[in-house]
Each structure stands twice: as structure tokens, then as C-alpha cells.
Trainee: 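The structure follows.
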Amino acid sequence: MGKDICAGRYRPGQVIPAEPLLCAQLGVSRIVLREAIKGLASKGMLEARRRTGTVVLEQSRWSLLDQEVMIWRADANGVDLALGSDIMELRRIIEPAAARLAAERASPAELKTLRAAYEAMAAAVDGQGDYVAADIEFHSTIIRACANPFVTQLQSVMSTVLRICFERVAAVPGGRVHSLPMHRRVCEAIEQRRPSEAGDAIIALLDDAERDMRHLLKVDPEAFRTPAQTASVAEIQRADRELDRNKDGEILEERHARIALT
């Protein structure tokens, strides 16, 4: 249900189907369905209204930092330019400041963990290990090492944000090899207790990641979609080509690009 709401199958202001119908559609009991609705209501996605029913709320009401909501949004619609830009903006707000604080406050154990994460990334570039997992551990260690309890509370959220980013952007050919020296500069600046350099190094890393994301979306708007979403878009495009095969080619191409980005 959460994915359906994020995908727009149930739109803001719409009353979701009655319990018997939903139970039949989802293959669950009323008890399970009610618990699910209660959970979605707690995330700000649904609201029970007297004499109306259970209504889908505007996205502005959702708990957008909830890990499940973030994953549902990415799974339902892929990572389009708008969501990708929002994610990068969040990272820019948090990570440079966290890197500067980590350079001042990281414990010896945290410095060791940071170095180990970097080494694991380097090994993965050579085909040994999971690059994405090591990359997430690298950035998560920086957030933990800034030793601010409020920022540390965001670590689980940021891990989800980072996974959404890294699993898609890692598809850029040569991107891992190119970004590895940037990660090394971040690591060394924190190890050497140079806050300003650490902040600047991670900003350069974020600039590069955003360029990769925008390039990938420009070259292939479907690159950040799941296989199921890509298939759906392809079906729409085929039908549109059939209907408009006699129309001007340039106009048709523009329409297809617009559909792929929705």
C-alpha cells in the first residue's frame, strides 16, 4: 500500500477502497489490513475521517525521512532528477559539516574504521568485495564521528539516502575508480585533523557525485528506474509510437522524453 501511494495509484485526497475490497486485493485479513493502515497513518500518509473514510494525504504531510517511505518512493518511481536533487541537497547540508566535526572529534577507533572502509572500497575497485557497502560505511562513519547526538540520530536515515544514491550512481562507467582518490583525500584530511580540508574534500566529492547523477539521467532517463518501471514506460512508448507514427518525428521524440521523465 505504501508503494501504491508513492506511485500515485492512490492520489492525495482520494478515499482508499473499503476494507473487504482491499483485503481481497491484498490477500490479507482485516486485522492485518487495519494494522497496515494504522502504520501508514503514523507516517502521515493516510488519515481516517468521519463520514468520509480513509483518505490519502498530501506528500507534504508524509514522514519523508522515514526509511520505509524513502525506499517506497525510490522503488515506486525510481530516482528522477527532482528526488535525486533533493537527496544531494540533503547530503550537502549534512556531510560537509559532519566531516569538519569528524576531523576535530573522531576517536582513534573511528579513524581506524574510516580507514578500513576506504581500504575496502579500494579492494572492491579491484574486484574484491562490495563497493556500495564499503562506501556507505565510509560516509556513515563520518556522521558517527562528528559526535553530535542530533546528527548521529540521522545516521540510519542517511544510510538509506546513501544506499539509494550509490546503488544508482555506481552504474556510471569508471565512476568508482574516479571517486576513489576523492575519498582518500577526505579520509586523510580527517585523519590529519584538518577540518577545513575535510569539508572541502567532501564538497568536491558531492559535486562529482551530482554530476554523475545528472549525466546518467540526461543520457538515459530510465537509468534510475527498476526493471518493472522500465518495462511499463516501454509499453507506453510503444503504444504512443503506434498512435502517432504519422506525426512529425521531432514532436514525437520530445513526447517520449517527457513520458520517460514522469
Trainee: Taking the side chain as every heavy atom from C-beta outward, state whether L64 and M70 have any pair of such atoms under 4.5 Å apart.
Mentor: no
Trainee: Sub-3.5 Å donor-acceptor pair from the side chain of W62 to the main-chain atoms of L57, do we have one?
Mentor: yes
Trainee: Side-chain heavy atoms under 4.5 Å apart, restricted to Ile/Leu/Val/Met/Phe/Trp/Tyr: what other residues fall into the cluster of V55, or is it alone?
Mentor: V15
Trainee: Kindly indicate whether the side chain of M158, heavy atoms from C-beta on, has any atom under 4.5 Å from the side chain of L90.
Mentor: yes
Trainee: Which residues pass the side-chain contact (heavy atoms from CB on, under 4.5 Å) test with P149, sequence neighbours left out?
Mentor: none
Trainee: Holding to salt bridge (Lys or Arg N to Asp or Glu O under 4.0 Å), I want the full list of residues that pass it with D200, two or more places apart in sequence or in another chain.
Mentor: none
Trainee: Answer yes or no: does atom CD1 of I31 have more than 12 heavy-atom neighbours from other residues, nucleotides or ligands under 6.0 Å?
Mentor: no
Trainee: How many angstroms lie between OH in Y10 and CG in D4, if you round to the nearest 0.5 Å?
Mentor: 5.5 Å
Trainee: Do I87 and V157 share a hydrophobic cluster, counting only Ile, Leu, Val, Met, Phe, Trp and Tyr and linking them when any side-chain heavy atoms are less than 4.5 Å apart?
Mentor: yes
Trainee: Run the ring pair (Phe, Tyr, Trp, His ring centres under 6.0 Å) test against F138 and tell me which residues pass, sequence neighbours left out.
Mentor: H183
Trainee: Which side-chain N or O atoms in residues 92-106 pair as donor and acceptor under 3.5 Å with protein atoms at least two apart or in another chain?
Mentor:
unit_1 : atom_1 : unit_2 : atom_2 : d
R92    : NE     : E210   : OE1    : 3.3
R92    : NH1    : D207   : OD1    : 2.9
R92    : NH2    : D207   : OD1    : 2.7
R92    : NH2    : E210   : OE1    : 2.9
E95    : OE1    : H139   : ND1    : 2.7
E95    : OE2    : R91    : NE     : 2.4
E95    : OE2    : R91    : NH2    : 3.1
R105   : NH1    : C146   : O      : 2.9

Trainee: Go through the structure and list residues passing side-chain contact (heavy atoms from CB on, under 4.5 Å) with L33, not counting sequence neighbours.
Mentor: M1, E19, L22, C23, L26, V28, I37
Trainee: Would I16 and V56 satisfy side chain to side chain contact (heavy atoms under 4.5 Å, CB included), going step by step from the backbone distance to the final call?
Mentor: CA-CA 7 Å; I16 64 172; V56 179; 3.8 Å; yes
Trainee: With the side chain counted from C-beta on, respond yes when M45 and Q59 share a heavy-atom pair under 4.5 Å apart, and no when they do not.
Mentor: no
Trainee: Sequence neighbours excluded, which residues qualify as side-chain contact (heavy atoms from CB on, under 4.5 Å) partners of R11?
Mentor: Q14
Trainee: Got a salt bridge between K38 and E35, using NZ or NE/NH1/NH2 to carboxylate O under 4.0 Å?
Mentor: yes
Trainee: Do we see a donor-acceptor contact under 3.5 Å between the side chains of Y118 and T113?
Mentor: no
Trainee: List the steps and the verdict of side chain to side chain contact (heavy atoms under 4.5 Å, CB included) for K43 and W72.
Mentor: CA-CA 12 Å; K43 299 177 190 297; W72 291 337; 4.0 Å; yes
Trainee: Please lay out, stage by stage, how I202 and I142 fare under the test side chain to side chain contact (heavy atoms under 4.5 Å, CB included).
Mentor: CA-CA 10 Å; I202 211 159; I142 292 172; 4.1 Å; yes
Trainee: Measure the CD-CD distance between E191 and E110 for me, rounded to the nearest 0.5 Å.
Mentor: 13.0 Å
Trainee: Check salt bridge (Lys or Arg N to Asp or Glu O under 4.0 Å) between R193 and all other residues, then give those that pass, not counting sequence neighbours.
Mentor: none
Trainee: Which atom pair, heavy atoms only, marks the closest approach of S179 to D208?
Mentor: CB-OD2, 4.4 Å
Trainee: Check salt bridge (Lys or Arg N to Asp or Glu O under 4.0 Å) between K112 and all other residues, then give those that pass, not counting sequence neighbours.
Mentor: none
Trainee: Is the backbone N or O of D66 less than 3.5 Å from a side-chain atom of S63, with the two atoms forming a donor-acceptor pair by type?
Mentor: no
Trainee: Could you give me the CA-CA distance, side-chain angles and deciding distance for N148 and I143, then say whether side chain to side chain contact (heavy atoms under 4.5 Å, CB included) is met?
Mentor: CA-CA 9 Å; N148 181 296; I143 292 171; over 6 Å; no
Trainee: So if you build clusters from Ile, Leu, Val, Met, Phe, Trp, Tyr with side-chain heavy-atom gaps below 4.5 Å, do M121 and V125 land together?
Mentor: yes
Trainee: V186 versus L114: any side-chain heavy-atom pair under 4.5 Å?
Mentor: no
Trainee: Which residue pairs pass the salt bridge (Lys or Arg N to Asp or Glu O under 4.0 Å) test with at least one member in residues 51-63, sequence neighbours excluded?
Mentor: E47-R61
Trainee: Would one find more than 12 heavy atoms of other residues, nucleotides or ligands at under 6.0 Å from atom CD of Q153?
Mentor: no
Trainee: Can you name the residues that form a side-chain contact (heavy atoms from CB on, under 4.5 Å) with A122, not counting sequence neighbours?
Mentor: L180
Trainee: Looking at every heavy atom in both I190 and A198, which two are closest together, and how far apart are they?
Mentor: CG1-CB, 3.9 Å
Trainee: Under the salt bridge (Lys or Arg N to Asp or Glu O under 4.0 Å) definition, can you give me all pairs with a residue in residues 123-140, not counting sequence neighbours?
Mentor: E137-R144
Trainee: P181 versus R184: any side-chain heavy-atom pair under 4.5 Å?
Mentor: yes
Trainee: Nearest 0.5 Å please: distance from the OG1 atom of T54 over to the CG atom of L46.
Mentor: 6.5 Å
